[in-house]
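Numbering of ligands and ligand atoms starts at 1, following listing order.
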Amino acid sequence: AAGKKPSAREPDYMSFEDIGGQEQAKRELSEALEFLVQRDKIEKLGIRPMKGILLTGPPGTGKTLLAKAAAHHTQSAFVAASGSEFVEMYVGVGAGRIRDLFKEARNLAVKQKRDSAIVFIDEIDGIGGKRDGGQHREYDQTLNQLLTEMDGIQGDEKVQILLIAATNRKELLDPALLRPGRFDRHIQVDLPDKTGREHILQLHARNKPMREGVSLSRVAEETFGFSGAQLESVMNEAAIYALRAGSDRLDSEHLSQAIDKVMMGERMDRETTH
Ligand code: ATP
């Protein structure tokens with residue numbers, strides 16, 4: 001989702017409070033971020049810096065939001081790329097793009113007077129998937145450049161760099177990326193449970209007038225298995241049903257229709273891609 005333009009409703013920065021559910025992921029991430037927050041102490045104690053955090057989990061669960069919130073929380077500069085950008089690149093172009101990305105992060109931090117920068121790479125499996133017998137040279141070079149950048153992260157740099165990467169499929173990653181000293185923390189970002197779904201629905205209902213008696217807890221019950229992105233879609237579709245019905249508020253009927261629509265859309269996606 002890193003390549004997607006943020007929607008008009010979404011602020012450029014995200015805070016952990018703007019992310020529904022995901023309590024454990026948020027806790028683990030904030031703990032890991034102490035490495036940036038308490039940088040001086042970490043350095044004095046001779047602890048090596050944390051270089052990378054890997055977020056794993058199904059699509060649309062908030063991994064991009066978490067990376068943005070991490071930047072906000074630590075007052076770091078933020079740059080992002082998606083692994084999918086690299087798939088069809090000529091030999092050397094991908095490696096150059098990785099080099100530029102880290103350079104851009106350092107420059108942006110200096111420009112914004114920040115002590116740290118977070119580089120976010122979504123769909124990291126597009127770069128760091130398992131290598132198959134050296135057939136893809138451009139791909140190898142891109143991955144090698146990423147490994148070089150990670151290995152080059154030092155604790156005594158002016159701008160401390162942290163790589164946060166996300167993937168839906170950790171099992172596809174090249175073992176070189178999973179070696180100690182690369183991604184020091186692996187954080188699982190799962191589909192939300194009922195409480196998480198209700199929280200996410202509330203967040204996306206903040207700017208929507210609701211008919212009295214509408215129960216988001218009921219909606220949360222009826223949306224088992226939905227991701228955060230799908231729940232956002234439910235709220236948005238419900239507002240569209242309200243508009244079509246000439247109503248200035250969302251009611252339970254609009255929400256039920258929206259749940260059906262999102263569920264149906266999902267099924268159609270599955271049928272066309274498989
Ligand atoms: P992908 O793996 O497809 O890149 P992702 O895990 O990075 O997905 P995001 O891009 O963070 O997912 O989420 C997509 C959108 O879904 C967000 O912009 C937001 O509107 C909504 N969303 C997802 N998870 C949450 C959440 N936990 N709280 C609030 N909104 C959420």
- May I ask you to say whether Arg106 pairs ionically with Glu157, meaning some side-chain N is under 4.0 Å from a carboxylate O? yes

- Which atoms of ligand 1 have any heavy atom of Lys63 under 4.0 Å away? 2 (O), 5 (P), 6 (O), 7 (O), 11 (O), 12 (O)

- Is any N or O atom of Gln22, backbone or side chain, closer than 3.5 Å to an N or O atom of ligand 1? no

- Would you check, one step at a time, whether the test salt bridge (charged side-chain N to carboxylate O under 4.0 Å, His left out) holds for Asp115 with Lys158? CA-CA 7 Å; Asp115 297 329; Lys158 206 160 78 201; over 6 Å; no

- Modelled atom types, side-chain donor and acceptor of Lys194 and Ser217, under 3.5 Å: yes

- Message: Please list, in number order, the atoms of ligand 1 under 4.0 Å from a heavy atom of Asp122.
- Response: 4 (O)

- Contact partition for Thr64 relative to ligand 1, non-hydrogen atoms under 4.0 Å: both

- Query: Which is it for Val189 and ligand 1 at heavy atoms under 4.0 Å: side chain, backbone, both or neither?
  - Reply: neither

- Proximity flag Gly60 to ligand 1, non-hydrogen atoms under 4.0 Å: yes

- Task: Check the surroundings of atom CD in Gln112: do more than 12 heavy atoms from other residues, nucleotides or ligands lie under 6.0 Å from it?
- Result: yes

- Message: So if I apply the salt bridge (Lys or Arg N to Asp or Glu O under 4.0 Å) rule between Asp184 and each of Lys51, Arg179, Arg48, which one comes out positive?
- Response: Arg48

- Which part of His204 is near ligand 1, with near meaning a heavy atom under 4.0 Å away: side chain, backbone, both or neither? side chain

- Ion pair Glu28/Arg185, N-O distance below 4.0 Å: no

- Would you mind running through ligand 1 and noting each atom that sits below 4.0 Å from a heavy atom of Asn168? 2 (O)

- Determine whether the side chains of Gln141 and Gln145 contain a donor N or O and an acceptor N or O closer than 3.5 Å. no

- Message: Under a 4.0 Å threshold between the charged nitrogen and the carboxylate oxygen, would Arg182 count as salt-bridged to Asp174?
- Response: no

- Query: Hey, does Asp18 come in under 3.5 Å of ligand 1, counting only N/O atoms on both sides?
  - Reply: no

- Task: Would you mind running through ligand 1 and noting each atom that sits below 4.0 Å from a heavy atom of Gly20?
- Result: 26 (C), 27 (N), 28 (N), 29 (C)

- Message: Closer than 4.0 Å to some heavy atom of Pro59 - which atoms of ligand 1 meet that?
- Response: 2 (O), 3 (O), 8 (O)

- Message: Taking distance alone, with N or O pairs closer than 3.5 Å, would you say Leu65 contacts ligand 1?
- Response: yes

- Ile200 contact mode with ligand 1 (heavy-atom cut-off under 4.0 Å): side chain

- Task: Could you list which atoms of ligand 1 come closer than 4.0 Å to a heavy atom of Glu232?
- Result: 20 (O)

- Message: Does either side chain, that of Ser82 or that of Asp122, offer a donor lying less than 3.5 Å from an acceptor on the other one?
- Response: no

